[in-house]
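What follows is one structure encoded as structure tokens, with my remarks underneath.
Just the heavy atoms: all of them, side chains too, but no hydrogens, waters or symmetry mates, feed the values below.
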Amino acid sequence: IVTLIQSAAMALWLAWREPGEAGRVVAGWRQAGLVGLFSFLGSLGWFSAFALVNAAYVKALGQIEIVFTTLTSVFVLGERIDVREAFGIALIIAGAVLLVLTGL
């Protein structure tokens, strides 16, 4: 149900803000379908995780995802990060390690 709501909201947003984009998504249905499938599986994983374990662990994993996304943008896309971003990444990693070590 959540995925259907997200899909409807995205369709409305595209129709309002980017009128021609929905047609391009339909034209690229193979790639869009794969993105949709993996998005659905990701959402299913998140909701399952929240139901199975302490929400703090799931949130910590979500923060680590930001670190991996940033590292991918640096190493794959060649983007640069500034000192504040590097400091933020260090804080996220420290928080996740602290959470795991203390078992909060």
Side-chain angles (χ1 to χ4, degrees):
I1 290 174
V2 171
T3 302
L4 289 174
I5 293 169
Q6 289 174 339
S7 297
M10 182 56 72
L12 290 172
W13 178 264
L14 284 176
W16 177 48
R17 300 293 290 182
E18 302 284 338
E21 195 64 31
R24 287 192 289 270
V25 170
V26 172
W29 66 272
R30 285 189 175 144
Q31 288 177 327
L34 283 175
V35 170
L37 173 65
F38 285 109
S39 176
F40 169 74
L41 292 174
S43 294
L44 183 66
W46 281 110
F47 287 111
S48 298
F50 277 117
L52 294 172
V53 298
N54 186 335
Y57 290 124
V58 180
K59 289 292 200 177
L61 177 64
Q63 296 299 311
I64 292 298
E65 180 181 18
I66 294 170
V67 173
F68 286 119
T69 301
T70 304
L71 293 175
T72 300
S73 72
V74 169
F75 293 112
V76 174
L77 302 176
E79 296 182 3
R80 294 180 183 256
I81 60 172
D82 63 19
V83 174
R84 291 182 303 164
E85 291 170 324
F87 183 67
I89 289 173
L91 287 176
I92 290 171
I93 292 171
V97 168
L98 183 64
L99 177 70
V100 170
L101 292 179
T102 61
L104 298 174

Review point. Heavy atoms, side chains only, cut-off 4.5 Å: are Thr72 and Leu77 in contact?
Key: no
Point to revise | Ala96 versus Ile64, closest heavy-atom pair with distance | key: CB-CD1, 3.7 Å
Point to revise | Path from Leu91 to Ile89 over hydrophobic side-chain contacts below 4.5 Å | key: no
Review point. Taking the side chain from Glu85 and the backbone from Asp82, do they hold a donor-acceptor pair closer than 3.5 Å?
Key: yes
Review point. When hydrophobic residues are tied together by side-chain contacts of less than 4.5 Å, even through go-betweens, does Trp46 share a cluster with Val53?
Key: yes
Review point. Can Leu37 be reached from Val25 by stepping across I, L, V, M, F, W or Y side chains whose heavy atoms are under 4.5 Å apart?
Key: no
Exercise for review: Check for a donor-acceptor pair, side chain of Ser39 on one end and backbone N or O of Val35 on the other, with a separation under 3.5 Å.
Suggested key: no
Review point. Which residue pairs satisfy the ring pair (Phe, Tyr, Trp, His ring centres under 6.0 Å) criterion with at least one member in residues 68-88, sequence neighbours excluded?
Key: none
**Study point:** Nearest non-hydrogen partners of Ala56 and Asn54, listed with the distance
**Key:** N-OD1, 2.9 Å
Point to revise | Min side-chain heavy-atom separation Arg30-Leu34 under 4.5 Å | key: no
Practice item. Sort and list the pairs that fulfil ring pair (Phe, Tyr, Trp, His ring centres under 6.0 Å) and have at least one residue in residues 11-42, not counting sequence neighbours. Key: Trp13-Trp16
**Study point:** Separation of Ile66 CD1 from Ile92 CD1 (nearest 0.5 Å)
**Key:** 5.0 Å
Review point. To the nearest 0.5 Å, what is the distance between OG (Ser73) and CG (Leu71)?
Key: 7.5 Å
